[in-house]
Amino acid sequence: IQVARALEPKRVITLFGCGGDRDRNKRPRMGEAAGQFSDFVVVTSDNALGASTATVWVDVLNTAPAIVQLELDSIEVEEGEELRLVGTFVDSGLIDTYTLTIDWGDGRTPTEDQDVMQTAPDGDGTFTRLYRYEDDNPTLTSQDSYTITVTLEDDDTGKDTRTINVLVKNVAPVIEEATLDVSRVAEGEAAELTVRYSDRGVTDVLTMYVDWPDGETTVHTLAMDPDGVGSITVPHLLEDDDPTGTPEDFGQVHIRIEDDDGGSVAQDVALTVENVAPTVTAVMLTPVVNEGDSAELQVDIDDPGVDDT
């Protein structure tokens, strides 16, 4: 056909036949070559043998789409950030319809749609898809590489597959606000801490550690809504003003939130803890005694600072 084309005719008409019960892999290659170099193609099948004539024609006439290029708007993306994938393809079947399947490589169900249209009369086509990685998996890693697998299949089962890689980076959680219901508290009383937080990795596992001025540390597992936002309120009983030898102590409530990939954020909130003097109650159990006898005195001491000495 190329030799005929070199003669510069007005047009090249190719007529060829394809029999049944032969190598089916050659049929689409023959059809592709004829379609590429001819102006008009006539396909015949006068001897289908054990095969269907229609099957032979479909094998010859259909040419699988070819994905020419895949491009990302960035080869590195942070979790929670939107990624744009653009693909270009060609197909000599100008009225073919397509199913586009994309496995984004993060273990979630591949996306599939059939709304892929040709954009030019010469068979060139494009598609654009947006995707948001909810987390960099597996856990305990600051970043992970994913292979995106794209498959484009026409309505005659011809298909092509290509891959492209993207690096997804972990993003540390954020403390949006941390407040206490009081700024001063007496030992033996409670303070209530409220923390609002967020994380762009909406499926991250978050843990909050709170170091209180009395030396105690509490640990809390945090929950987030589908947008990656959450809040928690934690009451705590201050058992002592620490350190010793002071009437009050100007302390800090230290808050630290960690995600399951090593990202963390910290913040302090001021809290003054006041010492409370003990209360002493004394009762003489033997109010009258003879000289030389022993007297029994009962003394009760009450101190809200249960860790006081």
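In this chain, numbering begins with 1 at the start of the sequence shown.
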Electrostatic pair [X]:[Y] at N-O distance under 4.0 angstrom:
{"X": "Arg129", "Y": "Asp113", "answer": "yes"}
{"X": "Glu71", "Y": "Arg84", "answer": "no"}
{"X": "Arg184", "Y": "Glu248", "answer": "yes"}
{"X": "Arg200", "Y": "Glu78", "answer": "yes"}
{"X": "Arg5", "Y": "Asp39", "answer": "yes"}
{"X": "Glu258", "Y": "Arg256", "answer": "yes"}
{"X": "Glu177", "Y": "Arg196", "answer": "yes"}

Can a donor-acceptor pair be found between the side chains of [X] and [Y] at a distance below 3.5 Å?
{"X": "Asp155", "Y": "Thr97", "answer": "yes"}
{"X": "Asn170", "Y": "Ser142", "answer": "no"}
{"X": "Asp261", "Y": "Thr139", "answer": "no"}
{"X": "Thr233", "Y": "Thr194", "answer": "yes"}
{"X": "Thr151", "Y": "Thr161", "answer": "yes"}
{"X": "Asp91", "Y": "Tyr98", "answer": "yes"}
{"X": "Ser198", "Y": "Glu176", "answer": "yes"}

What's the shortest heavy-atom distance between Val168 and Asp135, and which atoms?
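The answer is CG1-O, 4.3 Å.
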
Which residue is it: Val86, Thr88, Leu100? I am looking for the one with a side chain to side chain contact (heavy atoms under 4.5 Å, CB included) to Phe127.
Leu100

Students often mix this up, so state it plainly: with edges at 30° and 60°, are the rings of Tyr133 and Trp104 parallel, tilted or perpendicular?
perpendicular

With the 4.5 Å side-chain cut-off for hydrophobic clustering, are [X] and [Y] part of the same group?
{"X": "Leu85", "Y": "Leu167", "answer": "no"}
{"X": "Val265", "Y": "Val171", "answer": "no"}
{"X": "Val269", "Y": "Leu222", "answer": "yes"}
{"X": "Val202", "Y": "Val205", "answer": "no"}
{"X": "Leu70", "Y": "Ile75", "answer": "no"}

Run the salt bridge (Lys or Arg N to Asp or Glu O under 4.0 Å) test on Glu81 and Lys169 for me, step by step, so that the C-alpha distance in whole Å, both residues' side-chain angles and the decisive distance to 0.1 Å come before the verdict.
CA-CA 10 Å; Glu81 185 179 1; Lys169 296 184 175 182; over 6 Å; no

Run the side chain to side chain donor-acceptor pair (under 3.5 Å) check on Asn165 and Thr147 step by step: do they pass?
CA-CA 5 Å; Asn165 293 328; Thr147 298; 2.8 Å; yes

Can a donor-acceptor pair be found, under 3.5 Å and without considering hydrogens, that links the side chain of [X] to the backbone of [Y]?
{"X": "Asn290", "Y": "Asp293", "result": "no"}
{"X": "Asp160", "Y": "Ile67", "result": "yes"}
{"X": "Arg162", "Y": "Val150", "result": "no"}

Could you state the interatomic distance from CD (Glu112) to OG1 (Thr101), rounded to the nearest 0.5 Å?
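OG1 of Thr101 is found 4.0 Å from CD of Glu112.
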
Nearest 0.5 Å, please: how far is CD in Glu192 from NE2 in His236?
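That separation rounds to 13.0 Å.
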
